[in-house]
Student: 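Structure incoming, see below.
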Amino acid sequence: MELIEVPQLIRNAERFREVVTILTRHGLADWMSGVPSIWPERLRDSADESMTTAARIRVAFEELGTTFIKLGQVLSTREDLVGRELACELAQLRANTPSDPADVVIAMIESELGAGIDELFLKFDSTAMASASIGQVHRATTHEGHDVVVKVQHPGIEQRIVNDLEIMQKLAEIAEQQSERLTQYRPVDTIREFHRSLMRELDFQRELKNMNRFRTNFQDEPDVHFAKPYPKLSSRRVLTMQRLDGISVSNKAELKTSGTDLNEVAHRGAVVFLDMIFRDGFYHADPHPGNLMVLNRNVPSQDPSSDGPPAKQVIGLLDCGMVGRIDDALKDDLEVALIAAVTGDAESIAEIAVRLGDVPCDFDEPSLVNEIHDMLDDYSDQKLREFDVSACLRDVTGIIREHRIYLPAKVAMLLKVLAMLEGTAHQLDPNFSLAELLEPYGQQAMRRRLSPRRVYERIKNRVDDWDHLLSILPKDLGDVLHSLKQGNFDIHLQHRRLEPIVNRLVMGILTAALFVGSASLWSSGVPPLLFGVSVPGMLGCSLAIFMGVRLSWQISRVR
């Protein structure tokens, strides 16, 4: 596709040039060399050969800024898609965004909330506590005397992200057209999913709703705390929430100095996330140590009107912008997977992977079952307390990737959260065992699936499905038979990405026909002649040879 046909890229021509230049500098744009009308000059690979490809991708994303850093962070959760080496490299990405000037921040708040800063807050600290890729955080105090933090979006960041997303989308389309090697990473689908998640993250109202939902789910648990949001002081680009005082889980030394029981924190924090996943079906999707705090003992309970004694160690969770959801169907599959893992049922695990994922046309299911069976055998002699859940998930993910099964984003995110959860807990307690905590959930899942009520619900659902099928079958079958009788029964087949193959096939046929015809003219001496050689035959053979060489070169590039 000619890039001049794409209005978005015309609007962002300078940024597009910058993106491709940086990718080229790091040796990551070789797949674009066959795309016409991009550069007047030839793309050159000037990569640092001492760096791995994964490291060069990370460095390039850091240079490209916020949107690409966010993309890298998302891809770091897709080990099933990009592989372990690249996922680990991209997990190191951090956005060191400088804070905006105080007058710019205050102007943004006043514009979004429709009032002066003094009308909105009793006190507002114009110096940012922290600055991230999308926004920065300031301390403030409400007129009611509540200590809060105000999260403010960087001015203009949304438009810059939208522009970059348009460029990413077009680059992904080019990648799928030009490179079979990149096609296996599903660039178009990946960017489309990333676009949706990033646009949600830009809307602070969504984070506010997430916080309220978490607070409702844990309102009866005084040792778990989510900050209270202030809707009247919040908007799409400004979020005001309760300020939590405590010690970050990432600061292990300070936790030890304060006398905190690290084993209890690790255990309780893990249980909170497992409850979110298996009980609520709505979970915090970023359990790294910086998003967890051990709050001071005088932190109020979730219900401000509660007069009960404060919990000894309260776990506080920050940054609710990234969440995961588990619907009933996925929850059923998770329960089956847990039971299958306990019983060593490789066939069931393979069946779930196939049902959840998108498999290639040459998929070999018996091979997948055998590999999962061998993997389970490797872990069968481990005691429950010693079982390494993260390693097991990595092995399963690796097998799935080898078989080119594309998992939905919600499944890949869940696997990553479980691995991150175990890693965070191990930082606090080296003897922590996620497998021991998962065992009761597996037992509950087994009891729940075998309960009379659940059996009745499954039977009822199947009856409803059959009833619906029987109600529509006579009409649909009648329509099919009528179409057959009338002789106008059509079957529509959709072929994907066959155009390049068909084009090369046609070009090959034309090249062969031209060469045979021209050789016949040459051998017959068809005039006009030059030095006794047929000019039409010579020109036709030369053109056919050129077309054949060019076609061979194009075919060799996509192998």
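Just the heavy atoms: all of them, side chains too, but no hydrogens, waters or symmetry mates, feed the values below.
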Student: May I ask you to establish whether Lys70 and Phe194 are in a cation-pi arrangement, using a distance under 6.0 Å from NZ or CZ to the six-membered ring centre and at most 45° from the ring axis?
Tutor: no
Student: Would you say Thr67 and Arg160 make side-chain contact, with heavy atoms under 4.5 Å?
Tutor: no
Student: Are Phe68 and Leu93 close enough that some pair of their side-chain heavy atoms sits under 4.5 Å apart?
Tutor: no
Student: For the residue pair Ser133 and Ile69, establish whether any side-chain heavy-atom pair is separated by less than 4.5 Å.
Tutor: no
Student: Judged by atom type as modelled, is there a donor-acceptor pair below 3.5 Å linking the side chain of His225 to the main-chain atoms of Ile315?
Tutor: no
Student: Checking side chain to side chain contact (heavy atoms under 4.5 Å, CB included) between Phe214 and each of Val323, Leu317, Val224, which is the one that passes?
Tutor: Val323
Student: Return yes if some donor-acceptor pair links the side-chain N/O of His284 with the main-chain N/O of Leu318 below 3.5 Å, else return no.
Tutor: yes
Student: For Met129, give me all partners under side-chain contact (heavy atoms from CB on, under 4.5 Å), at least two apart in sequence or on another chain.
Tutor: Val137, Arg139, Val149
Student: Are the side chain of Arg401 and the backbone of Arg84 linked by a donor-acceptor contact shorter than 3.5 Å?
Tutor: no
Student: Taking side chain as C-beta onward, heavy atoms only, is Asp358 less than 4.5 Å from Ile405?
Tutor: no
Student: Are the side chains of Arg25 and Thr21 in touch, meaning some heavy atoms are under 4.5 Å apart?
Tutor: yes
Student: Report the residues that fulfil side-chain contact (heavy atoms from CB on, under 4.5 Å) with Ile106, sequence neighbours left out, ordered by chain and then residue number.
Tutor: Glu110, Ile117, Phe124
Student: Rounded to the nearest 0.5 Å, what separates atom CG in Leu330 from atom CG in Leu414?
Tutor: 6.5 Å
Student: Could you check whether Glu62 pairs with Arg58 (Lys NZ or Arg NE/NH1/NH2 to Asp/Glu carboxylate O, under 4.0 Å)?
Tutor: yes
Student: For the residue pair Asn291 / Asp286, report whether a side-chain donor-acceptor contact shorter than 3.5 Å exists.
Tutor: yes
Student: Walk me through it: do Lys252 and Leu262 pass the test side chain to side chain contact (heavy atoms under 4.5 Å, CB included)?
Tutor: CA-CA 8 Å; Lys252 186 175 179 180; Leu262 300 185; 3.8 Å; yes
Student: Answer yes or no: is there a side-chain heavy-atom contact under 4.5 Å between Met168 and Leu71?
Tutor: yes
Student: Does a side-chain heavy-atom distance below 4.5 Å link Val272 with Asp223?
Tutor: no
Student: Of all residues at least two apart in sequence or in a different chain, which pass the side-chain contact (heavy atoms from CB on, under 4.5 Å) check with His154?
Tutor: Thr97, Asp100, Ser131, Gln136, Ile157
Student: For Thr190, give me all partners under side-chain contact (heavy atoms from CB on, under 4.5 Å), at least two apart in sequence or on another chain.
Tutor: Leu75, Leu81, Arg186, Tyr406
Student: With side chains defined as the heavy atoms from C-beta onward, is the minimum distance between Glu89 and Ile57 less than 4.5 Å?
Tutor: no
Student: Using the side chain to side chain donor-acceptor pair (under 3.5 Å) criterion, which residues pair with Ser197? Sequence neighbours excluded.
Tutor: none
Student: Between Arg206 (side chain) and Arg200 (backbone), is there a donor-acceptor pair under 3.5 Å?
Tutor: no
Student: Report yes or no: is the cationic atom of Arg279 (NZ for Lys, CZ for Arg) under 6.0 Å from the centre of the six-membered ring of Phe218, at an angle within 45° of the ring normal?
Tutor: yes
Student: Using modelled atom types and a 3.5 Å cut-off, is there a donor and acceptor pairing between side-chain atoms of Thr240 and backbone atoms of Ser234?
Tutor: no
Student: May I ask you to decide whether Glu193 forms a salt bridge with Arg196, counting only side-chain N to carboxylate O separations under 4.0 Å?
Tutor: yes
Student: Please determine whether side chain to side chain donor-acceptor pair (under 3.5 Å) holds for the pair Glu119 and His143, giving the CA-CA distance in whole Å, both sets of side-chain angles, and the decisive distance to 0.1 Å.
Tutor: CA-CA 8 Å; Glu119 299 176 57; His143 286 285; over 6 Å; no
Student: Going by side chain to side chain donor-acceptor pair (under 3.5 Å), Arg236 matches just one of Glu112, Gln153, Glu158. Which one?
Tutor: Glu158
Student: By side chain to side chain donor-acceptor pair (under 3.5 Å), which residues pair with Thr216, not counting sequence neighbours?
Tutor: none
Student: Under a 4.0 Å N-O cut-off, is there an ion pair linking Lys410 with Asp327?
Tutor: yes
